[in-house]
Amino acid sequence: MSGFSDDMPFFDEPGARPPAASGSAGAPSGIAARAMAARQAQNGPPDYLKGLNPEQRQAVETTEGPVLVLAGAGTGKTRVLTTRIAHILATGRAFPSQILAVTFTNKAAREMKQRIGLLVGEAVEGMPWLGTFHSIGVKILRRHAELAGLRSDFSILDTDDVIRLIKQLIQAEGLDDKRWAPRTFAQMIDGWKNKGLGPEEIPEGDARSFGNGRGRELYRAYQERLTTLNACDFGDLLLHPIRIFRAHHDILAEYHKRFRYILVDEYQDTNTAQYMWLRLLAQRPRTSSAQPAEGRARRDGAPGDVSPAPAEGQPPQAAVRPVSENKVNICCVGDDDQSIYGWRGAEVDNILRFEKDFPGATVIRLERNYRSTAHILGAAAHLITHNEGRLGKTLFTDSPDPDDPKVNVHAAWDSDEEARAIGEEIEALQRNSHVLNDIAILVRASFQMRSFEDRFIEIGLNYRVIGGPRFYERQEIRDAMAYMRVVANPGDDLAFERIVNVPKRGLGEAAIRQVHDTARALGVPMLQAAATLAESDELKPKPRAALREVAANFARWQDLLETTPHTELAETILEESGYTDMWKNDRSADAPTRLDNLKELIRSMEDYESLRAFLEHVALVMDADKNEDLDAVSLMTLHSAKGLEFETVFLPGWEEGLFPHQRALDEGGRSGLEEERRLAYVGLTRAKRNLHIWFVSNRRIHGLWQSTIPSRFLDELPEAHVEVSESGSGFGGYGNPYGASRFDNIGSPTGGYAKRGDQGGSGGAFSNTYATPGWQRARQNRTEATSRNWGTRSGHAVERIGYGEADSGYGAGRGSVKSRTIEGELVAKSVADTPSAFSVGDRVFHMKFGNGNVSAVEGNKLTIDFDRAGQKKVLDSFVTAA
DNA sequence: TAAGGGTCGGTTTTT
DNA sequence: CCGACCCTTA
């Protein structure tokens, strides 16, 4: 027996000791649990069960045995999960510490914790085993680190560290790190680890495909290096525990005893390693070898009888071996239709296979949707039926309303117009006192955000980008963290290298190399090597003195580690190292911000009890604080929108090649397409009431204007729930200069596309549906259109297309476009050719930005240096002479 | 050590 | 075509 003893670090048990650990198999007898159970007996169903629909209630109350909850979008998934936990606690089935609840993101974990707290009240301490796969993995690994060749104070490397490390290894192998990109190899390792594969287990083909066939050696060297550094990458946080569980059945058995109930959120996103980890924990071994279990699920299986798990030698590729042993109280919640992370190793198959893995599993479908209108649900449902291999689920609403708007499909000429039109629509909503926080624009790829950002800056519309660069990824934060990492783990060479010459101490490449070599030769960390080297005479006086100081500093700080509060220590480190001074002396514009960030870093350390706890938080959580007070439109990718909801949603860029993305199609084939479709499904189901889908006819791809074709997904929407906007409804009525007729030819699927596709015939006859001959023909031209960089660079006579003339309107001459040889550059130039009323040097006034000077003119676009707002690009129609 | 030129890539993201 | 990144150069 090992583990779970009081001397194990990082095992803070908030509540009483679990009964299972003391040999009893009975239910916990906590006072709170008793009280709640008693109340339940007296007053009928407890409050927390009220208001659940029958399916939700079944999902909550089926606590025993394997359960799969297929929770469609907006069906109350989180509610079920949290209520289920509350129910288990309230009925005295387990202590908080006996429930393992895993999520993918910290955000989800936090939300769950909070909501359980609301349900259960103060009676129950926070759940120690509710967290992400990785944070629970660390917790386990810290306890048994020595079994993985690590000390319990190991560092967790982030992607950046990993890439630097791999680069060193590639160079050490004598390979060219240009030909063999470290980043690529880091991704390969990540992929292997997602599949649970160590260096010896990777396929020969994979091993040979990198570094002149030296992939396996490199991977092995990488792992060895991590051990030397006393460090882990993210993958190891799962893989090490898996190996430990397999090799030490007594340890695994302790966890089996402990975890009476296992809950998994977003099960469709689990990768193979996570699946193996879960199975090891969930799978209860047979009671005795004399009674080979055969689909026999013991109703009351005492958690006490745990014999070695039959896990030894389990093949890494998830062998499907039915768990037919003791009762497994595992509840996985997910939605196969929202599996959008296949590209990073998620195996939808895990959820599709659940009933085989856990025979006798109860499958509960949550299809009653509380979020969206019947039109939105109808559109989403119809779209997703085009996928094969689903478990099958159809969302419905109890409250259809005939007044609900249909899903709107709009067309625009190009991405700028798309942004402009959406911006105007949002302004119209705003005038109707629609809150901006209730509006989101969800894009397929982040480059699409740019046109929206540009436009919103121009018109002064508040927006926020979700998923941008994060606090802990900033240079100054990472530097500061590196100092603290070295103090906490002197073996962390990567952190040491990062800051040994920051601020500049005259330790150049040569000196650092020497430290490195000495460390290698002596088999000690670089910090120690630096100390040694500082006392020798192998270096010139200057670097020697510098190294001596660095070594002395770290020695001193390490001594302080035990005696000084960690925030104070952090301040000391940043002061004494000269790091704060470095920024104080920096005259660049962002230096003050960086100093603020450092202050903020110190401040945020107060929330953690130790330096190590803080470092771990940063490595795993990397959360940024966002400005919630601001009323702003949200701009994000479809991926980061999963789980969110908005009153009004705009989905721009529904064009072949972008959505579905060409690369998903090329690399993923049919399953790639299906994942794209699921992504579309996720997008549609984010909207509560208003849903606007947009596509454009022309998009700039890699700098070239290309003609585009509407997405096939548009065809997969049911006509009954969709309305195609023929003109820019909603923004034609207040004097915009573009005129309301522009979609007649450009945007409208029939007219515009038929003409542009050189099909002549059907132009002009507008039809309300996109399932028209013209549309179909346009699609047939797709291959041609998207693979062609049409036009010539020499700019021979090409019919002028009337675009961009703010004051003459669209449409002029559009109807006469017959040639296919519309040259991309000319489309752009037609903007530049339009003279602006302003010229360089003019003093102008802008509604939002105030006064400024025109510093460049490009057609009707002005670059203006504003006195206060800085340099902006603005359309000339938005400024007046000052 | 900062600026400048040349090369390359250009979906999605967490931990 | 535009940017990030890397390496070279004054």
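Just so we're on the same page: letters track the sequence lines, and every chain starts at 1.
For A/R344, whose side chain is taken as the heavy atoms from C-beta onward, the closest listed nucleotide among B/dT13, B/dT12, C/dC2 is B/dT13. In this structure, the nucleotide among B/dT13, B/dG10, B/dT15 sitting nearest to the side chain of A/T159 is B/dT15. Comparing B/dT11, C/dC1, B/dT13 by their closest approach to the side chain of A/E667 singles out B/dT11. Counting only heavy atoms from C-beta on, A/F234 has its side chain closest to B/dT15 among B/dT15, B/dT12, C/dC1. For A/K178, whose side chain is taken as the heavy atoms from C-beta onward, the closest listed nucleotide among C/dC7, B/dT13, B/dT14 is C/dC7. In the set B/dT14, B/dG10, C/dC2, B/dT14 carries the atom at the smallest distance from any side-chain atom of A/T105.
Taking the P atom of each, C/dC5 and B/dT12 are spaced 15 Å apart, rounded to whole Å. For the P atom pair drawn from B/dT11 and C/dA4, the interatomic distance equals 15 Å after rounding to whole Å.
Between the CD1 atom of A/I340 and the P atom of B/dT14 there is a distance of 11 Å, rounded to whole Å. Going from atom CD of A/Q662 over to atom C1' of B/dG10 covers 14 Å, rounded to whole Å. The separation between A/M449 atom CE and B/dT12 atom P is 8 Å, rounded to whole Å. Regarding A/R678, its CZ atom lies at a distance of 18 Å from the P atom of B/dT12, rounded to whole Å. Rounded to a whole Å, the CG atom of A/D666 is 14 Å from the C1' atom of B/dG10. Look at CG on A/L644: it is 13 Å from P on B/dT13, rounded to the nearest Å. Summarising the geometry, the separation between CG on A/D161 and P on B/dT15 is reported as 17 Å, rounded to the nearest angstrom. Going from atom CG of A/D233 over to atom P of B/dT14 covers 17 Å, rounded to whole Å.
For B/dT13, the OP1/OP2 oxygens have a side-chain nitrogen or oxygen of A/T637 closer than 4.0 Å. Proximity of A/R183 to the phosphate of C/dC5: no side-chain N or O atom is located under 4.0 Å from OP1 or OP2. Put simply, A/N106 has no side-chain N or O that comes within less than 4.0 Å of OP1 or OP2 on B/dT14.
Aromatic ring pairs are classed by plane angle as parallel below 30°, tilted from 30° to 60° and perpendicular above 60°; the pair A/Y579 and A/W583 is perpendicular. Between A/Y219 and A/W192, the angle of the ring planes stays under 30°, which puts this pair in the parallel group of the 30/60° scheme. Ring geometry for A/H639 versus A/W343: interplanar angle over 60°, hence perpendicular rather than tilted (30 to 60°).
Place A/H134 and A/L679 on DNA chain B by their nearest nucleotides, and A/L679 ends up nearer the 5' end. A residue-by-residue look at A/K504 and A/A664 shows that A/K504 has its nearest nucleotide of DNA chain B further toward the 5' end.
Between A/E675 and A/R678 there is a salt bridge, with a side-chain nitrogen of the basic residue lying less than 4.0 Å from a carboxylate oxygen of the acidic one. For A/D161 and A/R164, the salt-bridge test passes: some basic side-chain N is under 4.0 Å from an acidic carboxylate O. A salt bridge between A/R498 and A/D479 is present, with a side-chain N of the basic residue lying under 4.0 Å from a carboxylate O of the acidic one.
Judged by centroid separation below 5.5 Å and plane tilt below 30°, A/H661 stacks onto the base of B/dT11. Ring-to-base geometry places A/W343 in a stacked arrangement with B/dT12 (centre distance under 5.5 Å, plane angle under 30°).
Residue A/Q274 is classed as having no contact, given no heavy-atom separation below 4.0 Å to the nucleic acid.
For B/dT12, its base sits under 3.5 Å from the side chain of A/R444 at one donor and acceptor pair at least.
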